[in-house]
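Here the structure is a predicted model, which means the values were calculated and not measured. Scope of the values below: all heavy atoms of this structure, side chains included, with no hydrogens, waters or symmetry mates.
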Amino acid sequence: MRRLRKSTQKKQRKIKKSSSNFNKDYRKIENISISQVCEHHGENLEWFCETHDEVLCMVCVPSEHKACCGVISISVASANSRQSTALSDLERTIEGTLHDVKQCIMNRKSTAENIDKQELAIKTTILETRTKINSCVTLPNGNLLIANGTNEITEYSDKGEHIRDIPVSGRPFDIAVIDSNRIAMTYADIKFLEILNSNNFNSENKISLQNCCFGLSAEDGKLYVISEDATIKVLDLSGVQLQILKIESNKPYYITASSNRIIYTNWEKKSVHCCSLKGKELWQFKHETIAHPGGVAVDNYNNIYIVGYYYDNLITIIQHDGKDRKMDLICQLRCTLTKRKIPY
């Protein structure tokens with residue numbers, strides 16, 4: 001997005017600069033002044049030498065053009081010139097050029113206005129789309145699966161082509177890939193999570209829970225679920241509860257688990273937390289760029305990606321130990337994630 005915004009702004013600056021230059025050049029053409037006084041003698045220019053093609057004053061004639069036989073008055077020369085086809089063609093050319101310059105200035109102004117409108121439309125579309133998308137995962141076949149705030153999930157190809165809309169049990173909050181054939185899904189307003197076949201999207205199991213659940217992660221045959229009672233439920237794939245992790249955060253949101261740690265975001269405290277698989281907090285990270293932390297994911301190098309919920313938030317990359325952030329991005333990232341998931 002940032003590249004798109006920079007590119008648009010760069011084009012606008014070029015157009016405005018070009019338009020300004022055209023205006024200046026046009027004014028130069030429009031305001032040309034022609035002196036009617038001889039620059040050598042200070043007398044009025046009243047004569048014209050056909051031999052030298054020069055306008056002369058009364059002093060120029062005897063001093064410099066005495067031997068010229070084609071010295072006539074300017075009025076006579078002007079009358080003759082008006083009948084010249086070449087001059088008429090030149091006048092038409094100049095008039096056409098001035099018209100083209102004016103039209104070019106108008107077109108450039110119109111283009112600049114259109115770019116402003118297009119930029120606003122793009123920003124509006126992105127904002128509306130971002131507020132609708134809850135989660136996005138990459139399926140084993142490379143396709144994207146998006147939860148868009150409705151009772152459907154949408155599948156896209158890796159080129160962004162729409163494939164199909166898939167009805168589900170409710171409005172999905174989060175999606176996790178379990179293996180090559182299964183995905184799991186939570187619904188924020190329904191007290192169960194669901195396991196579906198990732199090829200035909202048929203429901204294979206609905207696991208009932210005592211509370212509504214939010215963020216979801218799948219790791220090593222286990223499901224890690226953030227519950228509305230501010231705990232992390234650890235379940236096996238049949239729904240048997242293995243652990244309940246009490247964490248220090250009172251508003252956990254999204255989660256990602258690995259073989260040795262759990263990372264989750266806290267919407268209310270605007271923070272990112274890392275804890276052991278037993279729930280013991282290892283570190284906490286806060287920064288002004290993380291205004292409303294949403295989705296979280298980890299790459300192959302254990303870098304942590306935090307997605308801001310709103311349009312003007314950055315994608316923040318935190319180093320594995322939580323001591324510092326590596327960079328802030330506001331563009332589309334193309335990376336291979338171990339969890340293959342960056343929820344929005």
Side-chain angles (χ1 to χ4, degrees), residues 1-128 288-289 311-314 327-332:
M1 285 306 310
R2 190 172 190 172
R3 291 199 295 267
L4 175 60
R5 185 164 55 250
K6 281 188 174 180
S7 175
T8 304
Q9 291 172 347
K10 186 176 180 182
K11 290 180 181 178
Q12 288 177 310
R13 286 195 295 270
K14 285 184 178 181
I15 290 173
K16 289 176 181 176
K17 183 177 179 182
S18 300
S19 178
S20 176
N21 290 338
F22 269 111
N23 281 322
K24 290 177 181 178
D25 294 341
Y26 172 70
R27 283 194 289 270
K28 288 178 182 179
I29 297 172
E30 190 178 41
N31 299 323
I32 291 176
S33 60
I34 300 175
S35 176
Q36 298 183 14
V37 178
C38 177
E39 62 180 6
H40 301 294
H41 306 112
E43 300 291 340
N44 290 335
L45 297 170
E46 298 177 346
W47 301 91
F48 179 75
C49 178
E50 293 181 324
T51 303
H52 295 96
D53 197 24
E54 292 181 12
V55 288
L56 313 170
C57 71
M58 60 184 298
V59 180
C60 294
V61 175
S63 61
E64 300 175 15
H65 297 267
K66 186 176 182 179
C68 298
C69 59
V71 177
I72 59 177
S73 69
I74 283 182
S75 59
V76 174
S78 175
N80 292 339
S81 68
R82 289 193 187 98
Q83 299 173 4
S84 167
T85 303
L87 183 61
S88 298
D89 292 342
L90 179 60
E91 288 176 344
R92 285 194 293 271
T93 300
I94 292 174
E95 289 175 357
T97 301
L98 291 175
H99 177 271
D100 290 344
V101 169
K102 290 179 180 178
Q103 190 63 45
C104 188
I105 292 172
M106 292 176 61
N107 289 343
R108 286 179 178 269
K109 286 181 179 178
S110 176
T111 301
E113 291 173 357
N114 288 336
I115 288 178
D116 288 338
K117 292 178 181 178
Q118 290 173 13
E119 182 181 13
L120 178 60
I122 291 171
K123 287 181 178 179
T124 302
T125 300
I126 292 173
L127 178 58
E128 291 176 349
E288 59 184 6
T289 59
Y311 168 78
D312 56 351
N313 286 161
L314 304 173
M327 65 183 74
D328 300 317
L329 305 176
I330 194 166
C331 59
Q332 293 179 338

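- Rounded to the nearest 0.5 Å, atoms SG (C60) and NE2 (H41) are 5.0 Å apart.
- The side chain to side chain contact (heavy atoms under 4.5 Å, CB included) search around N107 returns Q103, not counting sequence neighbours.
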- Message: Test side chain to side chain contact (heavy atoms under 4.5 Å, CB included) on V37 and L45; report intermediate values, then the result.
- Response: CA-CA 5 Å; V37 178; L45 297 170; 5.8 Å; no
- Under the side chain to side chain contact (heavy atoms under 4.5 Å, CB included) rule, what do C57 and W47 come out as? Steps first, then yes or no, please. CA-CA 6 Å; C57 71; W47 301 91; over 6 Å; no
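- Taking all atoms of both residues into account, the shortest heavy-atom contact from P62 to M58 is CD-O, 3.1 Å.
- For S110, the side chain to side chain contact (heavy atoms under 4.5 Å, CB included) partners are N114, not counting sequence neighbours.
- For the residue pair L56 and C49, the shortest heavy atom distance occurs at CD1-CB, 3.7 Å.
- Contacts classified as ring-ring contact (aromatic ring centres under 6.0 Å, His included) and involving residues 55-75 (residues at least two apart or in different chains) are given here: H52-H65.
- A distance of 8.0 Å separates SG of C38 from CD of E43, quoted to the nearest 0.5 Å.
- We find the CG-OG1 distance between L98 and T93 to be 11.0 Å, quoted to the nearest 0.5 Å.
- Here I74 contributes atom CD1 and F48 contributes atom CZ; the two are 8.5 Å apart, rounded to the nearest 0.5 Å.
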